[in-house]
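To start, the structure under review is shown below, and the notes come after it.
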Amino acid sequence: MSDVTLRADLGHWRGWLLDQAPGSRWQARLGRWYRAWLGFRRNGLAMTGFGVVLLLVGIAIFAPLIADREAATLQVLTQRLEPASWQHWFGTDELGRDIYARVVFGSRITLTIVALVSAIVVPVGLGIGLPAGYFGGMVDAVLMRITDIFLAFPRLVLALAFAAALGPGIENAVIAIALTTWPPYARLARAETLTRRRAEFIEAAELQGASHLRILLTQIVPLCLPSVIIRLTLDMAGIILTAAGLGFLGLGAQPPAPEWGAMVSSGRQVLLDQWWVATIPGMAIFITSVGFNLLGDGLRDVSDSRAG
Amino acid sequence: MSKRLSFATLAVALPLAFASPVAHAATPADTVVIAKQIDDILTLDPGEAYELSGIEIATNIYDRLLRYEAEDVTKLVGGVAESWTISPDGKVYNFKLRPNLKFQSGAPVTAEDVAFSLQRVVLMNKTPAFLFTQLGWTKDNVKDLVKATGPNALQVTITEDFAPSLVLNLMTSIVASVVEKKVAMANEVNGDLGNAWLKSHSAASGAYRLVAWKPNESVTLEANPTFRLGAPAMKRVVVRHVPEPASQRLLLEKGDIDIARDLSPDQLAPLAENKAIRIEQFPGANTWYAAMNTADEHLKNPKVREAMKYLVDYNGMVNSFLKGRFIVQESFLPLGFFSAIAYNPYKLDVAKAKALLAEAGYPNGFELKFDAPNTSPFTEIAQSMQQTMGQAGIKLNIVPSELKQVIGVYRARKHQLLLISWGPDYFDPHTNADTFAHNDDNSDTPKVRPLAWRNHWYIPDVTKDMLAAAKELDTKKRAAMYADLQRKVTDEGPFIIMFQNTAEVASRANVKGFKGGITEDLNFYRTIKK
């Protein structure tokens, strides 16, 4: 009985969301999101990516429930380099630490880096790209030349240089990655702003006396955000790889933190005989990167009007 | 027709022959390729080099006044010198040089060259200069105290009291390497006595000459056909910088290298069954230790230092990831040295350490920066220490960096806790005693900068005892004095002395004769044969 009403309710909601003539702005906006989700859901690969990312977030949040926090750093020198067993699902590393626990807790480090880099990169990119596109002229020239300078260096090399100069550590790795990741966002934000700068609704806002800041924040930012977010999702794989690269070179998280890149780095000493020590964290990096890439691709397809 | 056929056969066979992996991979018959971690090399000038790999390369390039030779590493013999006499008061040493010795340039080796070589060490005053300045030599007097008295006669005078055996041993160390004066001076820049040029060139009379040194990449040596003991069998020696033990093993298995120097037990175990590869063990004399800077507010407390010595799993490490590569040796002299004692009072004892820390006023521990080289097995040792120290509340924040940087931090006294190794400079207990137990000037600009100084361990009294031991002529008494010093440093010093190394060298089965010595000075390339 209740089942039927629930389904009827859902059907009702669905109809409301897909209504061709929405009764309010709120309904229209939600409807648009719902349609996007329907489009996204049809894309199998994108859903896979979404699933992987959800899984990763879940693992990171519930890490203490699914693995032993102590085991991630506890060295048992008598149990070094053991293959997978019921006690150690992924075997043990060169200092006798449980690789399963390390990989699980390593997801927290990876996600922290990704989240922090995103939190820095988006505001910085928008902060530089929006004024450049909006004001044009000197402001544009100066801001874009600065962006060009940062774009002129290979990303990983620049990140390495920053990380080496700032000293090893997660915070510095985040800063180094962020410093090398923001320029494309500035470019993107500028391009989006340029296409909308002369739009009538902007001019209408100007005529009504809205300040530049108000126009930027309320009119232009919401229009830029979707493309920035898609770009960010696509970039996350790159951020994870860069973070792992820094960790591999000893410039990321410091021991005994179970950073995936650092785990691969220590495992390469025994790669020939105890392949799992380097391979398992390597797989973790691989799967996560692919997950974010697929998710980003899916999001792009959904938002791309040409694809629809 | 038959001719055409043989051409055809050749055309098919040739690429096949080259394609076979063995022909492809093997190193040339007259060349030996050694894989080793050599990023510690800062210079190859024998008057300046003081890093383990640099000393090893230099000992194969430069002949020395006296030597311990590969044929009998326990017997002191003449290198460039043929014979020597010592004045009754032990102050004046007269060396007679071998006749007809030649530098790689073809010029004869003269007493003038030898005198110049010894003088420039003191005049340049680089890191190893203290080996000579302790004899009483200074920039002002060295030209009078070290002089050629004839084309083949060298007179050396010391002003301090030192046991003659110690002085002679000093003449086998890297600073007694003989450099060709004319070549060095021809390449002098701003009065540096050729130092800048000799960093990456050689002007020597030893078994090999330096062809090229590419930092962090390779050192290439070429045989010196006029070497006094005959031209070495291997025309070329290439020492490749391969920091990864796993890469060294792969290269060795493929035959891309002939000798791998830094394999860890994890790599050696599976190699033992490989018939194409031979593993040899050579006792080493390097001391691996952690240095505690007593300028630090926690580490200046002797109780804290003692507690930390109880927080290292010496046996656990030696029985697992260091197996076969190290033995526990907690005194500063490596076993095999005159008067070395097997004094190992410390083992992992968390309860005792906690009690000591509580007495010292740190029941909850404290945090320390822990500088450690970023290569194996330093990284593993550092992490093992991090865990065991953590059990008593001492939180170590490991800062892994390149060996060179770690040494830089250490020499500038900017560390708190630092993991490093030490290799003796010559075959006499004074070499280690003089650095682990020497600091009577704790200012920032002392004459010498021994390890005790680097850790702000101000020990004028111990220094006096150490210098007395160096001068003691009675061998038994001297041994007892060094035994006391070792116990003193292990008990009270700012060093957590942990291990003595055993060099395990894996080579291709057809490569024979590499001699790994107890010190870097005794690692000979010239005996290698294929």
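Here the structure is a predicted model, which means the values were calculated and not measured. Chain naming here is simple, since letters A, B, ... match the order of the sequence lines and numbering starts at 1 in each.
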Minimum-distance pair of heavy atoms, taken over all atoms of A:D273 and B:P270: OD2-CG, 3.1 Å
message: Quick check on the structure: residues of residues 274-281 of chain B within a heavy-atom distance below 4.5 Å of chain A, by number.
response: none
task: Working to the nearest 0.5 Å, report the span between CD of A:Q254 and CD of B:Q386.
output: 9.5 Å
- line: In short, A:P168 meets B:V399 closest at the heavy-atom pair CG-CG1, 4.4 Å
Min side-chain heavy-atom separation A:Q269-B:S264 under 4.5 Å: no
Under 4.5 Å from a heavy atom of chain A, the part of B:N397 involved: neither
field: Heavy-atom proximity to chain B below 4.5 Å, by part of A:R268
entry: both
Side-chain touch A:R80/B:D266, heavy atoms, less than 4.5 angstrom: yes
message: With heavy-atom distances below 4.5 Å as the criterion, would you say the side chains of A:L74 and B:Q387 are in contact?
response: yes
task: Determine whether more than 12 heavy atoms belonging to other residues, nucleotides or ligands lie under 6.0 Å from atom NZ of B:K352.
output: no
query: Looking at side-chain heavy atoms only, is the closest gap between A:L77 and B:S384 below 4.5 Å?
result: yes
- prompt: Within a radius of less than 6.0 Å around CZ of B:F282, do more than 12 heavy atoms belonging to other residues, nucleotides or ligands occur?
  reply: yes
- request: Return yes when atom NZ of B:K347 has more than 12 non-hydrogen atoms of other residues, nucleotides or ligands closer than 6.0 Å, and no otherwise.
  value: no
query: Is chain B contacted by the side chain of A:S266, its backbone, both, or neither, given a heavy-atom distance below 4.5 Å?
result: neither
Other residues, nucleotides, ligands: >12 heavy atoms within 6.0 Å of B:F366 CZ: yes
Validation row: B:E380, A:L95 side chains within 4.5 angstrom (heavy atoms): yes
